[in-house]
Amino acid sequence: MTQDDTLETEIRQAAAALGLDIPPECLPAVAVHVRILRQHGATVMAFPIDDDTEPAPIFSP
Amino acid sequence: MNDLTALEIADAVRTGRLAATVITEAALARVAAHDPKLNAFTDLMRERALEEAARIDRIVAAGGDPGPLAGVPFAVKNLFDIQGLSTRAGSRINLDRPPAAVDATSIRRLNDAGAVLLGALNMGEYAYDFTGENCHYGASRNPHDPSRMSGGSSGGSATAVASGMVPFALGSDTNGSVRVPSSLCGLFGLKPTFGRLSRAGVFPFCASLDHVGVLARSVADLAAIYDVMQGPDPADPACAGRPPEPPAPMLGRGADGLRIAVAGGYFEALADGQALDAVARAAAALGARRRVEIPQAAIARSAAYLITAAEAAALHRDRLRTRPMDFDPDVRDRFFAGSLTPAAWYVQAQRFRRWYHRQVMALFDDIDVIIAPATPCAAPAIGQRTFVVGGETLLVRANLGVFTQPISFIGLPVVAAPVRQQEALPIGVQIIAAPWREEDALRVAGTLERAGVCVAPVAMKP
């Protein structure tokens with residue numbers, strides 16, 4: 001199994017767990033975008049933030 | 001007549017020198033002449049436009065006040081509700097929605113000011129786009145070179161204004177969708193502060209970051225158009241309760257007294273020579289020698305990317321489940337990928353947004369305006385999938401907004417201003433101000449316009 005196949009399998013299974021059925025012909029392109037998102041995810045998650053920094057959106061009742 | 005600004009048209013109509021119906025007929029004729037080649041419009045509303053124009057002419061004839069934008073033709077990205085039309089949002093899928101019952105708030109306010117709606121404009125599907133390409137309706141083309149991208153996602157808006165079909169158009173800007181096409185098509189574009197303009201009746205993309213904006217060919221037009229759309233609107237929960245703050249009285253002051261700096265670091269590293277030259281010329285004209293580094297701009301860009309991916313995918317989840325093959329494939333595959341964004345990434349991105357906002361607000365303690373490139377390069381060719389940014393080969397569709405994303409991420413007001421080119425394709429700079437200080441960005445843009453450094457000529461011959 002190639003790395004691409006492994007990622008596509010992983011994507012298909014994760015999507016299925018979320019109730020999404022990704023058509024097989026879409027998987028290679030979806031994998032490209034998942035790789036990009038993983039890079040951005042790693043960039044953001046590596047930044048240390050204090051526990052008391054609230055998320056930006058505020059709800060005003 | 002195709003290169004009259006909005007305010008020149010309004011003045012001619014208000015003083016009875018030109019009838020609004022004559023102006024409207026002329027605009028419709030320009031659309032008929034240029035649109036087959038440029039593909040800006042998806043819905044032309046000839047009858048409605050002529051009725052609105054006739055109403056303005058009746059008010060003028062009766063000695064009444066037809067409004068500050070009397071008889072000015074305009075069009076809107078097809079993301080905006082227009083009564084009687086299904087709001088496409090660039091998609092085929094949305095054509096199955098019922099027609100909008102009422103106009104979007106911004107259209108209503110423009111009509112109340114006398115402006116005349118010509119129709120709806122092409123855009124990237126569901127606004128997830130920086131190119132202006134669309135598999136259903138074709139690409140909106142760049143009037144300066146129709147083989148080139150208009151930029152997106154407000155692509156049709158830029159095409160319509162740069163070709164002289166209309167003097168202004170509305171767009172939306174979540175990550176750069178007003179500023180990118182403004183840069184590529186050589187226009188002035190305004191993305192106001194997050195919450196300044198009502199988004200009611202505008203199909204959502206990413207609620208945390210969505211803004212309404214304007215594209216035009218003069219700074220005075222931008223200010224006047226923006227001004228009539230200001231004000232609270234309970235129909236948009238994000239719209240601020242602030243009273244309108246008219247920018248026009250301040251424009252005459254120019255940039256005097258404003259502390260202006262140029263964005264370094266991230267913004268220098270990823271721009272090509274033409275983009276850097278545009279920034280340098282704007283800075284030189286303003287006498288801005290100070291350089292400032294916006295802290296962690298690259299992480300801000302990544303966080304905006306994640307928030308957009310997660311919120312947009314969630315919004316479109318049911319459509320992805322039921323009719324995935326009806327999407328533009330370039331958009332669908334990004335939505336599918338975004339569906340898998342872990343909640344922890346999303347929350348961390350929103351927490352980073354809070355941190356980053358604090359850091360950037362501290363910069364505004366002793367700076368009023370920051371100049372940065374608007375796009376890393378001029379318009380790529382239509383169909384071009386990748387380009388090189390900062391030495392890395394990246395997807396065009398997702399990365400033309402590398403410089404706009406870190407700014408809209410915290411809702412700062414920005415004017416995109418086109419820097420005069422000699423025989424090259426247009427390119428713009430971002431003029432970035434502190435929250436609620438649109439007038440500072442407009443004053444700087446106006447100064448560059450008066451100096452002849454920034455110009456937005458009509459690309460098409462009459």
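Note on naming: letters A, B, ... go to the chains in the order of the sequence lines (proteins, then strands), and numbering restarts at 1 for each one. As the structure is a computational prediction, the values presented were derived from the model and not from experiment.
At a 4.5 Å heavy-atom cutoff, the contact between Arg317(B) and chain A is made by backbone and side-chain atoms alike. For Ile307(B), no part lies near chain A; criterion is any non-hydrogen pair under 4.5 Å. Residue contact with chain A, scored on non-hydrogen atoms closer than 4.5 Å, involves the backbone and the side chain of Ala303(B) alike. Using a 4.5 Å cut-off between heavy atoms, Ile36(A) touches chain B through its side chain atoms alone. Contacts of Arg38(A) with chain B are made by both backbone and side-chain atoms, with heavy-atom separations under 4.5 Å.
Here Thr43(A) contributes atom OG1 and Phe352(B) contributes atom CZ; the two are 10.5 Å apart, rounded to the nearest 0.5 Å. Put simply, CZ on Arg353(B) and CD1 on Ile49(A) are 12.5 Å apart, with the number rounded to the nearest 0.5 Å. To the nearest 0.5 angstrom, Glu10(A) atom CD is 9.5 Å from Leu340(B) atom CG.
The greatest number of non-hydrogen atom pairs below 4.5 Å with chain A, out of Tyr346(B), Phe336(B), Tyr356(B), is found for Phe336(B). Looking only at heavy-atom pairs under 4.5 Å with chain B, the residue among Asp50(A), Leu18(A), Asp21(A) that has the most is Leu18(A). In terms of non-hydrogen atom pairs under 4.5 Å with chain B, the most contact-rich of Pro23(A), Ala46(A), Ala42(A), Ala31(A) is Pro23(A). For the options Ala337(B), Ala344(B), Gly338(B), heavy-atom pairs under 4.5 Å to chain A are most numerous at Ala337(B). Looking only at heavy-atom pairs under 4.5 Å with chain B, the residue among Ile11(A), Leu27(A), Val30(A) that has the most is Val30(A).
Among all heavy-atom pairs drawn from Cys26(A) and Asp333(B), the shortest one is CB-OD1, 3.6 Å. Contact record, Arg321(B) with Gly19(A): NE-O, 3.2 Å, taken as the closest heavy-atom pair. Of all heavy-atom pairs spanning Thr53(A) and Arg351(B), the tightest one is O-NE, 2.9 Å. Nearest approach of Val347(B) to Pro55(A), heavy atoms of both residues: CG1-CG, 4.4 Å.
Residue Glu25(A) qualifies as enclosed at atom CD: its count of foreign heavy atoms under 6.0 Å is above 12. Under a cut-off of 6.0 angstrom, the local environment of CZ in Arg385(B) is sparse, with at most 12 non-hydrogen atoms contributed by other residues, nucleotides or ligands.
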- [ ] Please report the C-alpha distance between Leu395(B) and His33(A) in whole Å, then the side-chain angles of each, then the deciding distance to 0.1 Å, and finally whether the side chain to side chain contact (heavy atoms under 4.5 Å, CB included) criterion is met.
- [x] CA-CA 10 Å; Leu395(B) 292 172; His33(A) 294 295; 3.6 Å; yes
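Judged by distance alone, the side chain of Gln348(B) and the main-chain N or O of Phe47(A) form a donor-acceptor pair under 3.5 Å.
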